[in-house]
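First up is the structure itself, then whatever we jot down about it.
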Amino acid sequence: MKINRKSVFLILLISISALGMSVIDGFFQLPYLYKSILKIFLFSVVPMGYFLKYKDQYSRLKKLFIPRKSDLIYAFLLGVGVFSVILIAYIILKNHIDLSIIRESLTTNIGVTEHNFVYVAIYISLINSLLEEFFFRGFAFLILKENTSRLFAYVFSSLLFALYHVGMTSGWFHWSIYLLAMTGLFAGGCIFNFLNEKSENIYPSWLVHMFANFAINTVGFILFGLI
């Protein structure tokens, strides 16, 4: 593994942004709009500080946003499969999950209610998923991989992706389901990394992430009695 000032700076920047956002989600009861603004800052503006500091990385940044049609078709089919798996998992596990706790947490900690959930669902599916894919798969994996090692980038970015969700999901589930969810998020992070590694852009994982959010938001509509 390469250890130099650039890689140390990159690891610190990624860790502070991801864990900082997790703490904000878990311990600060801010309106959803304010949390979204903070996330945009931590997941896009802060990474740009790296590219401003190391201007030789600009060409690599641009490459993250150049799609390949063949990769998108495969990702679309995989996304449909992920959508189905999440809904099936919800059907199987719903009797073991206290949905009222999740609904109360979303309202109290994040400010999501039945009145604004439609707008939040659209933002989460389209914009938030792109933001997270740029940060975790583009910045924290593809860029990190070139400055450390492939194995480290896989494990580090996937672990942070799981830990990042700890704050927002704290208290939602029994510990066994919680452990299962965190393991699934880590595995999902590894799969997303794999999808993007060959294409060297963030679109394959973004498409699958989008479908996963479609499924989660479908559960959200059920939680708030909207369907």
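Just so it is clear, the model here is predicted, and its values are computed rather than measured.
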* Which heavy atom of L142 sits nearest a heavy atom of N196, and at what distance? -> CD2-O, 4.0 Å

* Common cluster, F192/L151, ILVMFWY with side-chain heavy-atom separation under 4.5 Å -> no

* Can you name the closest pair of heavy atoms from A140 and S157 and give their distance? -> O-CB, 3.2 Å

* Structure fact -> So CD1 of I216 and CZ of F221: to nearest 0.5 Å the spacing works out to 13.0 Å

* Considering non-hydrogen atoms only, spot the tightest contact between V208 and A75 and give its length. => CG2-O, 3.5 Å

* Cluster check L159, F194: I/L/V/M/F/W/Y, side chain < 4.5 angstrom -> yes

* Asked: Should we count OH of Y58 as having more than 12 external heavy atoms under 6.0 Å?
  -> yes

* Asked: Where is the tightest heavy-atom contact between S199 and P204, given as atom of each residue plus distance?
  -> OG-CG, 3.5 Å

* Under the side chain to side chain contact (heavy atoms under 4.5 Å, CB included) criterion, do K69 and L72 qualify, and how do the steps go? -> CA-CA 5 Å; K69 184 177 179 180; L72 296 182; 5.6 Å; no

* **Test side chain to side chain contact (heavy atoms under 4.5 Å, CB included) applied to F9 and R5, step by step** => CA-CA 6 Å; F9 177 70; R5 291 181 64 182; over 6 Å; no

* Asked: What residues, two or more places apart in sequence or in another chain, satisfy ring-ring contact (aromatic ring centres under 6.0 Å, His included) together with F211?
  -> F76, F214

* **Spatial distance of atom OH (Y203) from atom NE2 (H209) [nearest 0.5 Å]** => 16.0 Å

* Among all residues two or more places apart in sequence or in another chain, which pass the ring-ring contact (aromatic ring centres under 6.0 Å, His included) test with F43? -> F135, F136, Y164

* Do Y90 and T218 have side chains that get closer than 4.5 Å, going by heavy atoms? -> no

* Asked: Roughly how far, to the nearest 0.5 Å, is CD1 of I92 from CG of L87?
  -> 11.0 Å

* Asked: Can any side-chain N or O of N147 pair as donor or acceptor with the backbone N or O of I143 at less than 3.5 Å?
  -> yes

* To do: With side chain to side chain contact (heavy atoms under 4.5 Å, CB included) as the test, would you mind laying out the steps for S44 and L131 before giving the verdict?
  => CA-CA 7 Å; S44 63; L131 191 62; 3.9 Å; yes

Can you give each donor-acceptor pair under 3.5 Å made by side-chain atoms of residues 118-130, sequence neighbours left out, with the distance rounded to 0.1 Å?
residue: S125; atom: OG; partner: A121; partner atom: O; Å: 3.0
residue: S125; atom: OG; partner: N217; partner atom: ND2; Å: 2.7
residue: N128; atom: OD1; partner: K39; partner atom: NZ; Å: 2.9
residue: N128; atom: ND2; partner: E132; partner atom: OE2; Å: 3.1
residue: S129; atom: OG; partner: S125; partner atom: O; Å: 2.5
residue: S129; atom: OG; partner: L126; partner atom: O; Å: 3.4
residue: S129; atom: OG; partner: W206; partner atom: NE1; Å: 2.9

* Asked: Considering all heavy atoms of both residues, which atom of L52 and which atom of K55 are nearest to each other, and what is their separation?
  -> O-NZ, 2.9 Å

* Got a sec, which residues hit ring-ring contact (aromatic ring centres under 6.0 Å, His included) with Y50, two or more places apart in sequence or on another chain? -> Y54, F139

* Please answer: with hydrophobic residues joined when any side-chain heavy atoms are less than 4.5 Å apart, are V85 and I91 in the same cluster? => no

* Any side-chain heavy atom of I37 sitting closer than 4.5 Å to one from F41? -> no

Let me check something: any side-chain donor-acceptor pairs from residues 14-21 under 3.5 Å, sequence neighbours excluded? List them with distances.
residue: S15; atom: OG; partner: I11; partner atom: O; Å: 2.8
residue: S17; atom: OG; partner: L13; partner atom: O; Å: 3.0
residue: S17; atom: OG; partner: L42; partner atom: O; Å: 3.3

* Asked: Is the cationic atom of R150 (NZ for Lys, CZ for Arg) positioned less than 6.0 Å from the six-membered ring centroid of F141 and within 45 degrees of its normal?
  -> no

* Rounded to the nearest 0.5 Å, what separation is found between the CG atom of L33 and the CG atom of L38? -> 10.0 Å

* Taking a hydrophobic cluster as the set of Ile, Leu, Val, Met, Phe, Trp and Tyr residues connected by side-chain heavy atoms closer than 4.5 Å, whether directly or through intermediates, do L185 and L207 fall within one such cluster? -> yes

* 4.5 Å side-chain heavy-atom contact, F152 and K145 -> no

* To do: State plainly whether one hydrophobic cluster holds both Y34 and V46, where clusters connect Ile, Leu, Val, Met, Phe, Trp and Tyr through side-chain heavy atoms under 4.5 angstrom apart.
  => yes

* Quick one: is the NZ or CZ of K35 closer than 6.0 Å to the six-membered ring centre of F28, and within 45° of its axis? -> no

* **Inter-residue atom distance I73.CD1 - L78.CG, 0.5 Å rounding** => 14.0 Å

* To do: Heavy atoms only: give me the nearest L61-M48 pair and the separation to one decimal.
  => CD2-CE, 3.8 Å

* To do: Quick one: list whatever passes ring-ring contact (aromatic ring centres under 6.0 Å, His included) with F65, sequence neighbours left out.
  => F134

* Structure fact -> Between the NZ atom in K62 and the CD atom in Q57, the distance rounded to the nearest 0.5 Å is 13.0 Å

* Quick one: does T148's side chain get under 4.5 Å of F156's, heavy atoms only? -> no

* To do: Assess whether side chain to side chain contact (heavy atoms under 4.5 Å, CB included) is satisfied between K6 and K53, documenting all intermediate values.
  => CA-CA 10 Å; K6 183 191 288 189; K53 183 175 176 64; over 6 Å; no

* Kindly indicate whether the side chain of R68, heavy atoms from C-beta on, has any atom under 4.5 Å from the side chain of K198. => yes

